[in-house]
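The chains referred to below are lettered A, B, ... by the order of the sequence lines, with proteins before strands, and numbering in each begins at 1.
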Amino acid sequence: MKDNNQDGPPRTTPIQSATFSNPINAEIRRAAATGIYDIRGGGAKRKLPHFDDLLFLGASMSRYPLEGYREKCDTSVTLGTRFAKNPIHLDIPVTIAGMSFGALSGPAKEALGRGATLAGTSTTTGDGGMTQEERGHSNKLVYQYLPSRYGMNPNDLRKADAIEVVVGQGAKPGGGGMLLGQKISDRVAEMRNLPKGIDQRSACRHPDWTGPDDLEIKILELREITGWKVPIYIKVGGARPYFDTTLAVKAGADVVVLDGMQGGTAATQDVFIEHVGQPILACIREAVRALQDLDMHREVQLIVSGGVRTGADVAKCMALGADAVAIGTAALIALGDNDPRWEDEYQKLGTTAGAYDDWHEGQDPAGITTQDPELMARFDPIEGGRRLNNYLKVMTLEAQTIARACGKNHLHNLEPEDLCALTMEAAAMAKIPLAGTDWYPGKPGTSY
Amino acid sequence: MQTFDLEAEGLRALNETLHAQADNTNQTKWEIVNPRGSHAIAVGLDAPIEVNVKGSTGYYCAGMNQQATVNVHGSAGPGVAENMMSGTVVIEGDASQYAGATGHGGTLVIKGNASSRCGISMKGIDIVVHGNIGHMSAFMAQSGNLVVCGDAGDALGDSIYEARLFVRGSVKSLGADCIEKEMRPEHLEILTELLERGDCDAKPEEFKRYGSARTLYNFNIDNAY
Ligand SMILES: Cc1cc2nc3c(=O)[nH]c(=O)nc-3n(C[C@H](O)[C@H](O)[C@H](O)COP(=O)(O)O)c2cc1C
């Protein structure tokens, strides 16, 4: 092939290395200039095997569909039936994941509470404790019990409708939290008993227990303090889902929350987000298998998260055996995070709508992941709540549409047999037959 | 004085009974017999009552205490008075790991020794230990005071924030960002009061003070550009 160098001898076209790609080289230069790793919010950005790699089969000669808008397709779920006197009843199986006050503004937390309440679901506190706004506007509020114990106190514990002991998060299994000084306003500092303006690290390990045997006793203490009334969840990152689920059940969990590597975070090292943990697709069946082996499937409920975006994702989680899902990033987007209407300002921050992830810097143009009073004032919690409710409604309708097409009168009746996989990877991870075959890699009794 | 036999009546009944005591209760003095190392004894109390545990306790005795005074006439297992908000907890014997962990307020007195991670992540609690403390004590300690009349183990005050540490004996090693600090008159005053509260006759002048060098407060970034 002739090169386009018209004058001299033919030359090779410059080739960009796939290994030393532009983004990698830029990161090497950035590291060399600053001496600190990249910290950011959000979840894994790399392409991963995900729910898009699964499809529903729908009804056929052997399965009757339900009538689209007419026939009942229940979406309710009850969480915490194992030990709690007062399990949580939700109208829809989409819950709002724990996101800290500090990472999010007070009005953003309020909007999450408003939207979740309108939609008949629960919302969750986060690292940094419970705010008035949030408790006041959330009909069902899950109180996180985290290693940092920032803002942790028994009065708030008793106000909670459930307690979530956070062992790990999908974005950073084995890692703690981080809140940089820019976001430590007076209010945040006071709630966390720390000086204003310093970079806060949240511990990665609980200060007063190690291992599942200790956790069992910790849970006994929490139940004694709250009179055995509210469910206790255990949240784990997607690391070793079979064993983590088994041990969580052994430790006395009412509910296991499993967060895959796509799960968002307020802030952590990019290297952690992109290189530690397993995609949620690979975790769900293993967690369900653990529950089944213990005869606890549906007795201890399973909530899964990490990149849940649509009603189709919800339906796929249900079909793989989850009882409910949790959303973080998607809820923020529904509130207005990364909205192109702020494109000019994203550009000024050196980014673009959809890619903005420096939530820890507190300069969020949308006024959601900030403690800056001026930016916060841009965000209307009532409008935010309305938008979140709408989005949750659409997700639910979408999931119902799929369930009816599969002939199911409850989302929980969706099953693995309703699915096929588009790729070998997804087939192996989700233990779902590859489309057009009755086989997936690792299927018992087969050899390939 | 009300007596409660833990072995006969069980943990749930114990905590339920103690939780039922309101601010104006006249049943202000309780004695718990046969604790036999049970976990979660007298947790989540929130009334100005006095609870005397006649024996040793398991994990998390007096956890999240508010207002109450809890005396353990024996030794305490891990996490005694964890996340205490107010009130007083006194251990006549020794305390296991994580004593006073994440405590926000109140006073914890340990008449014997405390094991590792004493005062870990403390957030305002005052802890007075008559004996020694183990390694990694006051890790990430945010605020409050830790007084040690004996010696401290390895890595004292690692990643400490604003808590004050007073140690009379030796310190095996200091953790990252923890340094010895000058004992000024205001600190002697604080210490005198703490020793008094902790029923301890050690002399304030014999103590050294340790705290944060504050070099880990912000990420160290090379701002040459
Ligand atoms: C801004 C933000 C803050 C978060 N804060 C917490 C937290 O305080 N505690 C926690 O357990 N998880 C936290 N998470 C993780 C979420 O609870 C959840 O696991 C995750 O967002 C789910 O994945 P998704 O974002 O893809 O929906 C946070 C996530 C985001 C996006």
Notebook entry, point to check: Given a strict heavy-atom distance threshold of 4.5 Å, which part of A:P154 is in contact with chain B: side chain, backbone, both, or neither?
Noted result: both
Margin query: How long is the straight-line distance from CD of A:E221 back to CD1 of B:I41, given to the nearest 0.5 Å?
Written below: 12.0 Å
Check: With chain A, which of B:R117, B:M140, B:H104 has the greatest number of heavy-atom pairs at distances under 4.5 Å?
Finding: B:H104
Next item on the list: State the CZ-CZ distance between A:R223 and B:R12, to the nearest 0.5 angstrom.
Entry: 11.0 Å
Note to self: Please report the interatomic distance CD(B:Q142) to CG(A:N193), rounded to the nearest 0.5 Å.
What the structure shows: 6.0 Å
Note to self: Other residues, nucleotides and ligands only: do more than 12 of their heavy atoms fall within 6.0 Å of CD on B:E186?
What the structure shows: yes
Checklist line | Part of B:Y217 within contact of chain A (heavy atom distance under 4.5 Å) | finding: both
Note to self: Counting only non-hydrogen atoms closer than 4.5 Å, does A:T226 touch chain B with its backbone (N, CA, C, O), its side chain (CB onward), both, or neither?
What the structure shows: neither
Next item on the list: Give a yes or no on whether A:K159 atom NZ has more than 12 heavy-atom contacts from other residues, nucleotides or ligands under 6.0 Å away.
Entry: yes
Notebook entry, point to check: Checking B:D46 against chain A: side chain, backbone, both or neither under 4.5 Å from a heavy atom?
Noted result: side chain
Next item on the list: Check whether any side-chain heavy atom of B:M64 sits under 4.5 Å from a side-chain heavy atom of A:L157, and report yes or no.
Entry: yes
Item checked: Neighbour count >12 (heavy atoms, 6.0 Å) for atom CZ, B:R36 -> no
Next item on the list: Output yes when a side-chain donor or acceptor of B:Y60 lies under 3.5 Å from a complementary backbone atom of A:D208, and no otherwise.
Entry: yes
Next item on the list: Check A:P207 against B:Y98 and note the closest heavy-atom contact, atom names and distance.
Entry: O-CD2, 3.0 Å
Check: Heavy-atom distance under 4.5 Å to chain A: side chain of B:L14, backbone, both or neither?
Finding: neither
Next item on the list: Examine whether an atom of A:R192 lies under 4.5 Å from a heavy atom of chain B, and if so say whether it belongs to the side chain, the backbone or both; otherwise answer neither.
Entry: backbone
Check: Heavy-atom count around B:K29 NZ within 6.0 Å, excluding the residue itself: above 12?
Finding: no
Next item on the list: Look at the side chain of A:R149 and the backbone N and O of B:K123, then say whether any donor-acceptor pair between them is shorter than 3.5 Å.
Entry: no
Note to self: Can you confirm whether A:E190 is buried at CD, in the sense that more than 12 heavy atoms of other residues, nucleotides or ligands lie under 6.0 Å from that atom?
What the structure shows: no
Margin query: Can you confirm whether A:I24 is buried at CD1, in the sense that more than 12 heavy atoms of other residues, nucleotides or ligands lie under 6.0 Å from that atom?
Written below: no
Note to self: For B:E162, which atoms come within 4.5 Å of any heavy atom of chain A: side chain, backbone, both, or neither?
What the structure shows: side chain
Next item on the list: Please lay out, stage by stage, how A:N155 and B:M85 fare under the test side-chain contact (heavy atoms from CB on, under 4.5 Å).
Entry: CA-CA 10 Å; A:N155 299 334; B:M85 306 301 291; over 6 Å; no
Notebook entry, point to check: Counting only heavy atoms not in A:K45, do more than 12 sit closer than 6.0 Å to its NZ atom?
Noted result: yes
Check: A:L220, A:N153, A:L194: which one forms the most heavy-atom pairs within less than 4.5 Å of chain B?
Finding: A:L194
Notebook entry, point to check: Hey, mind stepping through B:N15 and A:E224 against side chain to side chain donor-acceptor pair (under 3.5 Å) and telling me if it holds?
Noted result: CA-CA 7 Å; B:N15 285 320; A:E224 282 295 320; 2.8 Å; yes
Check: What distance separates B:R214 CZ from A:I198 CD1, expressed to the nearest 0.5 Å?
Finding: 9.5 Å
Note to self: Could you report the tightest heavy-atom contact between A:I225 and B:G63, atom names first, then the distance?
What the structure shows: CD1-O, 4.1 Å
